[in-house]
Amino acid sequence: MQPLLYPPISSNSLSWLNFAFVVAALCIIVGIIILTRKHTKPLAQSTTTEQFRQQALLELANIARPSADELAGPWLQQINQLLKRLCSVRYPEYDSHRLTGREWLAFLDSRCPAAGLTRWMILAEGSYQPECRLDEQAIDALYSAIQIWINKHV
């Protein structure tokens, strides 16, 4: 006659093997994460200040300036985007990307008063005006102010 219930198989060896496998897999995953974080650096830390400044000035130079008969809104918008990116890298502790209008210009001026960007309200509002046009003198003066800000700020 055969017994109705067989004695249970000892699962002690299987549970320790499963536990060891899970611990080894977690150690491998944590090791991979640590190694990849050490080798990737943000742009601001991987380049020197001078390289970062030169990169910003090059990007400014690549933004096509409008002529006197063209709309200046897209140009002003691109300059604002460049300045916001520079501020988010240079001053990550401030929420400069949320600033608009006079507050945005005051923030820029507080970082570099020599540029005098608070007098350029068109920089903050020009991209929202449907027919925003600037003469050549104003375009050159604003461009120079942005160059001064980048040179002294970044």
Side-chain angles (χ1 to χ4, degrees), residues 15-154:
S15 66
W16 282 105
L17 185 61
N18 289 340
F19 179 72
F21 178 72
V22 169
V23 168
L26 286 175
C27 288
I28 290 171
I29 291 171
V30 168
I32 289 171
I33 291 172
I34 289 173
L35 287 176
T36 57
R37 285 196 174 201
K38 283 184 179 179
H39 294 294
T40 57
K41 294 180 181 178
L43 177 65
Q45 293 176 357
S46 64
T47 60
T48 64
T49 304
E50 185 58 33
Q51 290 171 335
F52 189 64
R53 180 181 300 116
Q54 292 304 321
Q55 185 180 6
L57 288 171
L58 180 65
E59 191 171 339
L60 177 66
N62 287 335
I63 299 173
R65 293 191 211 182
S67 62
D69 59 337
E70 294 178 338
L71 294 177
W75 180 68
L76 294 169
Q77 187 176 26
Q78 289 175 336
I79 288 177
N80 263 323
Q81 288 173 349
L82 173 64
L83 291 173
K84 294 252 182 183
R85 279 188 282 124
L86 292 174
C87 286
S88 69
V89 170
R90 180 71 168 89
Y91 296 108
E93 66 274 9
Y94 297 101
D95 288 334
S96 60
H97 62 282
R98 294 183 179 183
L99 299 176
T100 59
R102 292 190 189 280
E103 294 172 343
W104 167 237
L105 296 177
F107 176 81
L108 292 173
D109 246 11
S110 70
R111 302 298 171 251
C112 180
L117 291 176
T118 51
R119 67 175 181 236
W120 292 103
M121 194 62 188
I122 194 75
L123 178 64
E125 295 177 349
S127 59
Y128 300 106
Q129 296 175 0
E131 291 292 322
C132 179
R133 298 184 192 278
L134 297 172
D135 60 2
E136 294 293 329
Q137 185 179 8
I139 291 170
D140 292 339
L142 179 56
Y143 187 85
S144 295
I146 300 296
Q147 278 183 321
I148 290 169
W149 190 89
I150 291 173
N151 277 320
K152 296 193 181 252
H153 163 72
V154 177

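Note that the coordinates shown come from a computational prediction; the quantities given were computed from them, not determined experimentally. Hydrogens, waters and symmetry mates are skipped; everything else that's a heavy atom, side chains included, is used.
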When rounded to the nearest 0.5 angstrom, what distance separates [atom1] in [X] from [atom2] in [Y]?
X    : Y    : atom1 : atom2 : answer
S96  : E103 : OG    : CD    : 12.0 Å
E125 : N80  : CD    : CG    : 11.0 Å
W149 : L108 : CH2   : CG    : 5.5 Å

Item checked: R85 and E59: CA distance, side-chain angles, deciding distance, side chain to side chain contact (heavy atoms under 4.5 Å, CB included) verdict -> CA-CA 12 Å; R85 279 188 282 124; E59 191 171 339; 2.4 Å; yes
Notebook entry, point to check: Looking only at heavy atoms, which two atoms of C132 and L76 are closest? And how far apart?
Noted result: SG-CD1, 3.8 Å
Next item on the list: Give the minimum heavy-atom separation between L86 and A56, together with the two atoms involved.
Entry: CD2-CB, 3.7 Å
Check: Under 6.0 Å from the CD atom of E50, do we count more than 12 heavy atoms belonging to anything else shown?
Finding: yes
Check: Any idea how W104 and F107 line up, ring-wise: parallel (<30°), tilted (30 to 60°), or perpendicular (>60°)?
Finding: parallel
pair [X]-[Y]: side-chain heavy atoms closer than 4.5 Å:
X    : Y   : value
L58  : Q54 : no
L134 : P66 : no
D140 : R65 : yes

Has [X] got a side-chain atom pairing as donor or acceptor with [Y]'s backbone, closer than 3.5 angstrom?
X    : Y    : value
N151 : Q147 : yes
K84  : L99  : yes
W120 : L142 : no

